[in-house]
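The block underneath contains the structure these notes are about, expressed in structure tokens.
A quick note: this is a predicted structure, and the numbers were derived from the prediction, not measured. Remember, it's 1-based here, ligands and their atoms both numbered in the order they're listed. Side chains are part of it too, since the values below use all heavy atoms of this structure and drop only hydrogens, waters and symmetry mates.
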Amino acid sequence: MSAGFTVAIDGPAAAGKGTLSKAVAAHFGFAHLDTGLLYRAVGAKVLAGESPIKAARGLDARDLEAADLRTPAVAQSASKVAVIAEVRAALLDFQRSFAARSGGAVLDGRDIGTVICPDAHVKLFITASAQVRAKRRFAELSARGIEDSFDQVLADVQARDARDRERVEAPLKPAKDAVLIDTSDLSIEQAVAQAIAVVDAQR
Ligand code: CDP
């Protein structure tokens, strides 16, 4: 049964949540929401001079299609606005409605299994060592022509992880009932197969 079936996928920066979530959603025919994009869109508006709370309250679908949401500067700005309770509150209803859609949904982020969808049918927490995550993000950014050094990418990932874990509002942590998948030594195919197996076991 997939009516209202929700898969929550959380984890630290550049752990591969996006790739896994897309693959799981495609496999089961579920819709996918990258909730990081909401925070990135707010972060981008703040870099353009708006106040974080106003930006979050006024967010619309077109803001998620902005061209430059995947830059390191926007990622840092996203993690700074993400500590603000009013920003998180402004984004809550949209995420919950998306999760409840008939036909099934996969949401990936930091607090999906703990705060947004505490009753999700499946919760996954995706990790990998900071070195591996920075290596993947470095390759991703290089492929898009963004020439940060590896050390800079690693420092950015670690700074964001620390901010995300230490904040008071919806900190990054696995839900008590989440299944942990460490992808440090897994290929994309292996990680996807593990995630699909966990979902299959709950359907
Ligand atoms: O793709 P990556 O893992 O690097 O980051 P992202 O998922 O796009 O998230 C960007 C930032 O948004 C994170 O560092 C968090 O601070 C924030 N975020 C959050 O607080 N809660 C979420 N559900 C998703 C993202």
Side-chain angles (χ1 to χ4, degrees), residues 6-22 32-47 52-53 55-56 59 63-66 68-99 105-118 120 123-130 132-141 143-144 146 148 152-175 178 181 183 188 191:
T6 307
V7 180
I9 302 188
D10 292 304
K17 301 179 300 290
T19 305
L20 265 182
S21 303
K22 280 193 201 88
H32 169 229
L33 177 64
D34 169 2
T35 67
L37 216 50
L38 305 174
Y39 292 89
R40 284 175 182 263
V42 176
K45 282 175 167 253
V46 169
L47 290 178
I53 298 170
L59 207 65
D63 297 324
L64 305 182
E65 285 155 22
D68 56 354
L69 296 183
R70 301 276 176 204
T71 66
V74 169
Q76 289 299 331
S77 180
S79 83
K80 289 177 187 163
V81 302
V83 306
I84 304 169
E86 291 89 342
V87 166
R88 306 199 71 84
L91 304 177
L92 189 76
D93 285 350
F94 175 73
Q95 295 176 81
R96 287 212 174 127
S97 314
F98 191 98
V106 179
L107 285 80
D108 75 278
R110 301 292 185 289
D111 62 340
I112 309 303
T114 51
V115 173
I116 305 294
C117 305
K123 297 180 187 178
L124 297 173
F125 195 84
I126 311 301
T127 60
S129 70
V132 166
R133 290 186 286 118
K135 232 170 110 182
R136 290 177 185 157
R137 183 52 48 91
F138 177 71
E140 218 177 291
L141 292 172
R144 293 190 4 248
I146 298 176
D148 265 4
Q152 185 58 49
V153 174
L154 177 61
D156 278 359
V157 159
Q158 287 173 323
R160 222 142 46 85
D161 285 355
R163 207 179 286 123
D164 291 347
R165 287 198 174 102
E166 287 159 19
R167 69 185 178 216
V168 174
E169 278 311 310
L172 166 67
K173 64 174 179 196
I181 300 180
T183 67
I188 291 175

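Of all the heavy atoms in Lys123 and Cys117, the pair that sits closest is CE-O, 3.9 Å.
Every residue meeting the side chain to side chain donor-acceptor pair (under 3.5 Å) condition with Ser79, not counting sequence neighbours, appears here in chain and number order: Arg163.
Ordered by chain and residue number, the residues placing a heavy atom less than 4.0 Å from ligand 1 are Ala13, Ala14, Lys17, Thr35, Gly36, Tyr39, Arg40, Ala78, Ser79, Ala82, Arg88, Gly109, Arg110, Asp111, Arg137, Arg160, Asp164, Arg167.
Side-chain contact, Thr19 with Arg136: no donor N or O sits under 3.5 Å from an acceptor N or O.
Residue Leu92 places its CG atom among more than 12 non-hydrogen atoms of other residues, nucleotides or ligands, all under 6.0 Å distant.
Note that CG of Asp148 and CZ of Arg137 are 11.5 Å apart. Values are rounded to the nearest 0.5 Å.
Just one residue in the list Arg70, Arg40, Lys17 forms a salt bridge (Lys or Arg N to Asp or Glu O under 4.0 Å) with Asp34, and that residue is Arg70.
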